[in-house]
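Notes for the one structure printed next.
Numbers for residues simply follow the sequence, beginning at 1. Heavy atoms only: backbone and side chains are in, while hydrogens, waters and symmetry mates are out. Remember, it's 1-based here, ligands and their atoms both numbered in the order they're listed.
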Amino acid sequence: MAAKTVAFHTLGCKLNFSETSAISRLLENEGFEKRAFEEQADVYVINTCSVTDNADKECRHLVRRIQRKSPESLVVITGCYAQLKPKEIAAIPGVDLVLGAAEKFNIAQHLKEISKGDSTKICSCDIGDVSGFNASFSVNDRTRSFLKVQDGCSYNCSFCTIPMARGKSRSDTVDNTIQTATALAAKGVKEIILTGVNLGDFGKGPNGDADQENFLDLIKALENVAGIERYRISSIEPNLLTNEIIGFVARSNKFMPHFHIPLQSGSNKILGLMRRRYKRELYAERVNLIKTLMPHCAIGVDVIVGFPGETKDDFNETLSFLQELDVSYLHVFTYSERDHTKALEIQPVVPINTRLERNKTLRNLSYMKMQYFTNQHAGQQRKVLFEAFSKNEMMEGYTDNYIRITTPHRAEWVNKIVSWTI
Ligand code: SF4
């Protein structure tokens with residue numbers, strides 16, 4: 001019998017990409033052959049995201065495309081949106097199987113139990129019952145790997161649906177993570193990006209109830225894995241980014257001088273309404289300590305504009321805070337309403353056009369910050385890890401402090417760390 005074929009499409013964040021990779025490896029171990037999403041396949045898996053604004057529209061669109069191209073193929077929808085709105089998804093014509101947070105890694109078993117034409121099967125339990133941890137990683141052309149070490153979140157920020165989609169904070173153990181990192185090194189991976197939903201909360205264990213290990217233990221242990229030359233911390237909450245973690249990174253040979261720290265607002269009033277666990281003063285302290293110990297460090301900032309109750313003055317407070325802060329780039333998000341979140345109760349709502357104007361203002365600021373940061377390092381020699389990906393005969397890589405370098409493709413530089421004058 002010919003092997004079954006499977007194709008994937010991922011919406012959303014790096015965590016979703018690493019989980020799609022893990023699901024793909026599971027199915028390949030069961031004898032499936034992987035195909036590109038544009039190709040013909042027996043099974044199509046769409047891994048969805050709840051943070052994407054148009055998750056439902058995108059999902060419908062993708063299912064329609066599959067139906068036109070390949071009406072006999074099985075269509076499986078999983079991921080955060082599948083956990084949050086399983087019935088809505090099951091009602092999309094052409095969907096055969098909906099897998100929530102607890103079931104996505106049991107996909108092989110579920111596929112054995114369904115056939116095209118059966119009524120849509122929903123496997124999605126209450127998110128409070130989700131526990132256990134599935135280690136996942138993605139390997140991008142052997143150069144960099146996104147390694148999931150933590151999942152879920154036990155915070156309750158008022159705008160966020162992630163705790164409802166992924167459950168309470170859980171994580172892998174230090175020992176398991178070391179084993180995975182060692183296996184990645186054996187595959188030739190040079191750089192690992194540690195990912196999670198609330199990464200700094202690492203240490204809760206697979207069931208979310210442990211307290212023997214923490215994020216600092218993890219990064220100290222990873223430093224000793226032979227073969228991995230670089231680590232990055234994808235994103236860490238400011239209240240969990242301790243002085244000890246900053247000090248360790250500053251002394252480390254392997255943890256890159258690069259942090260991504262969600263701020264969300266520079267107004268303490270809005271931070272309170274968002275139910276964030278810090279004030280702007282703490283954020284500024286963290287940035288100042290990082291820049292004192294590592295003046296060359298890149299710092300990225302997440303910020304949300306147009307949160308309910310954000311007046312012009314509140315926004316200007318965020319703007320001036322960010323102008324003063326020695327950070328390198330911003331990821332700007334426009335607030336959008338999410339079902340079942342506390343933020344829906346906050347008034348007044350900011351008009352959409354005002355949200356978009358504020359977004360534009362901060363994006364312009366981000367551009368200037370990035371230019372300034374790059375210019376500050378002009379003429380310096382820094383280490384760049386070049387990646388295999390090439391477009392128009394150009395290749396790219398990042399310096400230790402996350403400045404992107406583009407240069408004509410040279411095969412001998414792929415997956416090599418090269419000294420580069422900026
Ligand atoms: S820390 Fe807040 S914003 Fe981040 S995942 Fe948890 S609840 Fe959502």
Side-chain angles (χ1 to χ4, degrees), residues 11-19 47-53 55 79-85 100-101 127-128 130-131 133 136 146 148-172 193-205 208 214-215 233-242 245 259-280 282-283 286 299-310 318 330-346:
L11 302 168
C13 60
K14 294 290 181 262
L15 205 63
N16 264 13
F17 277 93
S18 67
E19 289 183 344
N47 193 3
T48 62
C49 168
S50 64
V51 178
T52 316
D53 257 336
C80 292
Y81 185 51
Q83 176 66 37
L84 287 176
K85 304 210 165 164
I127 196 65
V130 173
S131 76
F133 183 85
S136 305
F146 290 86
K148 178 182 118 179
V149 297
Q150 187 276 340
D151 198 354
C153 183
S154 301
Y155 285 14
N156 54 351
C157 302
S158 60
F159 54 84
C160 184
T161 53
I162 290 176
M164 297 176 239
R166 288 186 167 270
K168 65 184 172 211
S169 178
R170 283 119 50 218
S171 43
D172 212 338
I193 298 115
L194 298 175
T195 59
V197 171
N198 189 346
L199 194 53
D201 202 32
F202 177 92
K204 297 282 184 286
N214 62 34
F215 189 66
I233 300 166
S234 64
S235 172
I236 184 162
E237 290 289 302
N239 50 305
L240 297 173
L241 178 56
T242 59
I245 295 174
F259 287 98
H260 194 94
I261 320 169
L263 168 68
Q264 310 308 16
S265 174
S267 147
N268 281 341
K269 178 192 110 183
I270 297 296
L271 288 174
L273 290 172
M274 288 176 163
R275 302 192 178 185
R276 303 286 291 164
R277 299 195 179 192
Y278 53 87
K279 295 213 170 15
R280 57 188 251 149
L282 178 126
Y283 194 97
R286 298 297 198 247
I299 303 178
V301 183
D302 285 341
V303 54
I304 297 174
V305 291
F307 187 77
E310 186 188 68
T318 298
L330 315 175
H331 282 173
V332 188
F333 300 89
T334 302
Y335 171 77
S336 72
E337 284 74 5
R338 295 275 179 265
D339 287 350
H340 310 299
T341 54
K342 284 278 169 205
L344 294 177
E345 294 162 19
I346 303 170

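- A distance-only check finds no donor-acceptor pair linking the side chain of Arg276 to the backbone of Gln264 [under 3.5 Å].
- Atom CD1 in Ile162 sits 10.0 Å away from atom CG in Asp151 (nearest 0.5 Å).
- Side chain of Thr195 to main chain of Leu15: no donor-acceptor pair is present (N/O by atom type, distance under 3.5 Å, no hydrogens or angles).
- Within 6.0 Å of NZ on Lys279 lie no more than 12 heavy atoms contributed by other residues, nucleotides or ligands.
- Not one N, O or S atom of Cys153 sits under 2.8 Å from atom 2 (Fe) of ligand 1.
- A distance-only check finds a donor-acceptor pair linking the side chain of Gln150 to the backbone of Asn198 [under 3.5 Å].
- From the protein, the heavy atom lying nearest to atom 4 (Fe) of ligand 1 is Glu237 OE2, 4.2 Å.
- Contact annotation: Arg275 has no heavy atom less than 4.0 Å from any atom of ligand 1.
- With hydrogens and angles ignored, the 3.5 Å screen pairs no side-chain donor or acceptor of Thr318 with any backbone N or O of Ser265.
- Using cut-offs of 30° and 60° for the angle between ring planes, the Tyr283 and Tyr278 rings count as tilted.
- In terms of protein heavy atoms, atom 2 (Fe) of ligand 1 is closest to Cys157 SG, 2.3 Å.
- Of all the atoms in ligand 1, the ones that sit under 4.0 Å from a non-hydrogen atom of Val197 are 5 (S).
- Within ligand 1, counting atoms from 1 as listed, the ones closer than 4.0 Å to a heavy atom of Cys160 are 3 (S), 5 (S), 7 (S), 8 (Fe).
- Within ligand 1, counting atoms from 1 as listed, the ones closer than 4.0 Å to a heavy atom of Arg276 are 1 (S), 2 (Fe), 3 (S).
- Within ligand 1, the atoms closer than 4.0 Å to a non-hydrogen atom of Phe159 are 3 (S), numbered from 1 in the order shown.
- For Pro163, every heavy-atom contact with ligand 1 shorter than 4.0 Å involves the side chain, none the backbone.
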